[in-house]
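Accompanying notes for the structure given below.
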Amino acid sequence: MGKFCHCNTLCVVCSVLGALAVATIVALWVVQLTFYVRPADPWDDHRLPPSLVPDSYHVTLWPRLHPDGHGMFIFTGTSRVRFNCSRDTNLILLHSDKLTLTSKDGHLVKLTAVSGSTPVIRKSWLHPTNQYLVVQLNGVLRAGEAYDLYTEFEGQLADDLEGFYRSMYNEDGVEKILATSQMHPTHARKTFPCFDEPAMKAVFHITLVHERGTVALSNAFSYCPEVVDTVIDGSLVTRTTFEPTKRMSTYLLALVVSDYSNVIWARKKAIDADQGELALNLTGSVLNFLETYYDIPYPLSKSDHIALPDFYFGAMENWGLVTYKEANLLYDVTISSNGDRETTASIIAHEMAHMWFGNLVTLKWWNEVWLNEGFATYVSYLGADYAEPTWDIKDLFVLNEVHRVFTIDALATSHPLSSEEESIQTPAQIAELFDAISYSKVGWNLKKYYNNGISLPGKVNEIMNHWTLQMGFPVVTIDTRMGQLSQTHFLLDPESKPKILFKFLLALNNNMKTSGDEWLLANINITGYFRVNYDSENWDRLLNQLNTDHKVLPVINRAQLIDDAFNLARANIIPISLALNTTRYLHQETGYIPWKSALNNFDYLYLMFGKSDIYILLQRYLKKQVEPLFLHFKNITLDWVNVPEEHSDQYNQVNALWVACSTGVDGCQNLTRMCSLTLETFFWPGVFRIHPNLRATVYCSAIAEGGTEEWDFAWKMMKNSSVASESDKLRAALSCSRDTWLLNRYLNFTLDQDKIRKQDATSTIVSIARSVHGQMLAWDFVRRNWEYITSPRYGVGSFSFASLISGVTASFSTEEELSQLLQFKMDNAAAGFGSATTALEQALERTRANIRWVSGKEQEIRSWFLHETSSK
């Protein structure tokens, strides 16, 4: 018999954290602000003064899609911004980055008062350090008056994926160039001089001049009478003028010039192949759901979505013109997988959620970015679930979001949801906030209260202050012998020193006491943001239940027992043998969520012990556990011809094949051996015998078993693929090679954008680093090329430096690796690490913890696997 302890009682205890912790945080902020000294000159401050407030922009831009005589791609433009003066000032500050401004009458700007007299300009100049255009006046701008500021400028239409930039693709052997944009979070200033802060909303009047035969897109509809052909400086062009936008932030502006077509805008060949149909159908469905959910009509007159060949982020919620990486928007019914379909649905729902929460209602400053991203993450599950109701996609929230954020929030170098406004100033500091904390942690809190009908245990601000101003989460320990409950701050490394000392409320609940063979399971379906530990007897009874009839326990809790146990073991709270015991029942398990939870945790062991004898023992154990699952799916799919009906079963079929192939299960080895010998046949028309869901696994296994010939052929097919998601699968599979020469060559390809697109460089390097054969190769490559990839020569927007540092150091667990990481930090200290600063500190923290953990647990782990894999 068992006892299920639901979260309602625990929620009050565990989510409303100690007031003393908040007081500590506030006190630290006060100390920080006491020592913050505002610069003497306003242009040395990273924030704009509040004296000027933009009202509207009239911007005309002309991107050149062919290089000039110097081989440069450029754009030219003019801007007139009208702003209101809220207090008397003799200074105009606005943002401008990497723009060459045309001098007029000895000054970079022309100033005009809307009414009354215009102050004389004393001096105008650019301040590159803080990306400002500075205009000093002899006279004074008067409070309550409006002024126009006019500029002419030229910028580089670079391929750095920031601001107004160029993208290239090849279609039917013809190289094509398009101009597109990514203004978020601080790149509008790279396109035209502007007040580039989220609170400084304005109306945008946009005109694009472009080659005849191309189409111009922006946030609003174009005026039909205002799409005119003309001649400018001898060039035959079209001038497209757009309707005024709603009042919005600069980071939401979108600009595209291309030869695309349709409402779901994409390469003509992709549209002709109906790759935009899924997105078109999903967009309408999700839009209808969100209008009902928010009880507010969609605020705009259009909702365009465009797939871009070169786009670093997954997607961007530009108001009225959402931009996507191709693989996230386009879907081919014959080639794309079930996972590709879910990705498209979830990302569309996420971006459409922003149309209200983020675009209509906008954060004041980036220190509260979780308000944008956390809410959109939560609503994306609701929207995707509405569009695809048979998927039960909301069940994946714990696996995809809670487990993801737990790994970061358990570090002493984590951070609260909200940061003090003064502490987030530079573009690099802003970029660091777009992490799992901002996206996933707040989504759980919303899910708990909105989805479960729990009564709030206090005033909203009291609850939210505890939640947003304190980082981390507790581990709740339940002693079922005494009926006692306690909680402490959970840290993966118990020897680490968090920035803030936490105090948690303690509680006693007599319902926690059990007797006889009765077991207790807490936090049912993970409605509480905490980990759970039990007394050893209750752990034993839960393990016995898993081994005798695991389905008595909810599927999400089966996954959580595994994840909690492994992480408690990493924190030295329970023995690692206990955590490993939670996986002994897996040979009976067919559920996706528990299997995925186990595999995620086994991945950590692979990273730590990939070069030791434990790797072989782990392979043997997983082979034994996965073989029944492999046979289960082999049988129900008639030898891999069909796919399971359930969405999550399709995912677990992939798990079964992946683990079976990587551990050497005979049936799978035969399959992939055939693939490696005849890989070419998988690309013959009409010969796709492997279902799209399974191709990533089959490709990887075939590359691992093959050599240079198979690798080169897969590379050729990747480059020639017209389906972005298929190209991504092949690109990932190429990192599965066991040949170090091939992996080194592949790493060097990431520095050549003709071979690997800049948007894919980080994920390719990290994918190589995840393999035993590529770990040190990737780390050596990053160290050797760090100066280059962080320089403007390559384009700093092309790499996610935080993801890169985290990915290539994930396996670090030796003193030598720690020494190398510290040396890397020292060697590059002068230039700094920008958006990777926190990631580097977290890498150091994880490495130190891994060293201690591996040295203390290695023998126990070895003994456990030896026992489990010995002949019985």
Side-chain angles (χ1 to χ4, degrees), residues 2-3 5 403 406-407 410 474-482 484-488 490-494 512 514 517-523 526 530-550 552-554 556-589 593-609 614 617-618 620-622 624-625 849-850 852-870:
K3 181 184 291 186
C5 178
H403 287 187
F406 268 168
T407 63
V475 51
V476 175
T477 299
I478 301 173
D479 186 337
T480 61
R481 298 164 300 184
M482 305 298 295
Q484 292 179 337
L485 180 149
S486 61
Q487 53 183 317
T488 57
F490 179 78
L491 290 168
L492 277 177
D493 180 10
M512 301 291 180
T514 62
D517 293 332
E518 189 178 45
W519 47 258
L520 181 140
L521 180 68
N523 202 9
I526 322 306
F530 53 88
R531 294 200 181 278
V532 182
N533 185 27
Y534 304 95
D535 58 276
S536 59
E537 288 85 353
N538 195 66
W539 271 115
D540 288 341
R541 290 190 290 268
L542 286 170
L543 293 176
N544 183 62
Q545 184 64 62
L546 282 174
N547 288 313
T548 54
D549 185 3
H550 61 277
V552 170
L553 306 181
I556 292 176
N557 282 95
R558 301 201 297 271
Q560 195 61 34
L561 280 172
I562 295 169
D563 195 65
D564 278 347
F566 271 89
N567 282 274
L568 291 169
R570 285 181 63 182
N572 293 319
I573 295 173
I574 65 173
I576 183 61
S577 56
L578 194 162
L580 290 166
N581 284 339
T582 64
T583 70
R584 294 181 68 234
Y585 90 101
L586 284 175
H587 65 279
Q588 308 171 59
E589 178 68 79
I593 298 176
W595 259 106
K596 187 61 176 175
S597 177
L599 293 176
N600 288 343
N601 284 287
F602 278 129
D603 277 348
Y604 176 72
L605 298 185
Y606 275 117
L607 288 171
M608 294 301 99
F609 301 106
I614 291 177
L617 297 173
L618 177 54
R620 289 177 187 168
Y621 175 70
L622 268 180
K624 181 181 75 170
Q625 295 296 80
N850 290 343
R852 288 190 288 268
W853 192 82
V854 167
S855 64
K857 304 296 182 184
E858 185 171 5
Q859 186 53 48
E860 183 182 357
I861 292 171
R862 180 181 290 107
S863 298
W864 191 91
F865 280 125
L866 281 170
H867 178 267
E868 291 296 317
T869 57
S870 61

Side chains of [X] and [Y]: does their closest heavy-atom pair fall under 4.5 Å?
| X | Y | value |
| --- | --- | --- |
| Trp864 | Ile576 | no |
| Ile478 | Val532 | yes |
| Arg541 | Thr514 | yes |
| Arg558 | Ile562 | no |
| Trp595 | Glu589 | yes |
| Gln560 | Asn523 | no |

So which heavy atom on [X] is nearest to which on [Y], and how close?
| X | Y | value |
| --- | --- | --- |
| Ala559 | His403 | O-CE1, 4.3 Å |
| Pro494 | Ala571 | CG-O, 3.6 Å |
| Ala565 | Thr582 | CB-CG2, 3.8 Å |
| Gln588 | Asn547 | NE2-O, 3.1 Å |
| Leu492 | Thr407 | CD1-O, 4.2 Å |

Quiz item: What residues form a salt bridge (Lys or Arg N to Asp or Glu O under 4.0 Å) with Asp479, not counting sequence neighbours?
Solution: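 For Asp479 the salt bridge (Lys or Arg N to Asp or Glu O under 4.0 Å) partners, ignoring immediate neighbours, are Arg481.
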Quiz item: Please walk me through it: do Asn567 and Asn601 pass side chain to side chain contact (heavy atoms under 4.5 Å, CB included)?
Solution: CA-CA 8 Å; Asn567 282 274; Asn601 284 287; 3.7 Å; yes
If only side-chain N and O atoms count, and only distance matters, is there a donor-acceptor pair under 3.5 Å linking [Y] with [X]?
| X | Y | result |
| --- | --- | --- |
| Asp493 | Trp853 | no |
| Asp564 | Asn533 | no |
| Tyr604 | Asn850 | yes |

Output the distance between atom [atom1] ([X]) and atom [atom2] ([Y]), rounded to the nearest 0.5 Å.
| X | Y | atom1 | atom2 | answer |
| --- | --- | --- | --- | --- |
| Leu617 | His867 | CG | NE2 | 13.5 Å |
| Leu586 | Lys624 | CG | NZ | 11.0 Å |
| Tyr606 | Leu622 | OH | CG | 4.5 Å |
| Ile861 | Leu618 | CD1 | CG | 9.5 Å |
| Leu605 | Ile614 | CG | CD1 | 8.5 Å |
| Lys857 | Arg862 | NZ | CZ | 14.5 Å |

Quiz item: For the residue pair Tyr585 and His550, does the interplanar ring angle fall in the parallel (under 30°), tilted (30 to 60°) or perpendicular (over 60°) class?
Solution: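 Tilted.
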Quiz item: Quick check: does any side chain N or O of Ser863 sit under 3.5 Å from a backbone N or O of Gln859, one acting as donor and the other as acceptor?
Solution: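 The answer is yes, because a donor-acceptor pair under 3.5 Å joins these two groups.
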Quiz item: Is the backbone N or O of Asp540 less than 3.5 Å from a side-chain atom of Asn544, with the two atoms forming a donor-acceptor pair by type?
Solution: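 No; judged by distance alone, with no hydrogens or angles, the pair does not exist.
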Exercise. Test Phe406 against Arg531 for side chain to side chain contact (heavy atoms under 4.5 Å, CB included), laying out the working first.
Key: CA-CA 9 Å; Phe406 268 168; Arg531 294 200 181 278; 3.3 Å; yes
Self-check item: Stepwise side chain to side chain contact (heavy atoms under 4.5 Å, CB included) check, Leu580 with Tyr621
Solution: CA-CA 11 Å; Leu580 290 166; Tyr621 175 70; 5.9 Å; no
Quiz item: Passes side chain to side chain contact (heavy atoms under 4.5 Å, CB included), Leu561 versus Leu521? Steps please.
Solution: CA-CA 9 Å; Leu561 280 172; Leu521 180 68; 4.1 Å; yes
Quiz item: Which ring-ring contact (aromatic ring centres under 6.0 Å, His included) pairs, counting each pair once, include a residue from residues 560-584, with sequence neighbours left out?
Solution: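 Checked against ring-ring contact (aromatic ring centres under 6.0 Å, His included) - neighbours excluded - the pairs reaching residues 560-584 are Phe566-Phe602.
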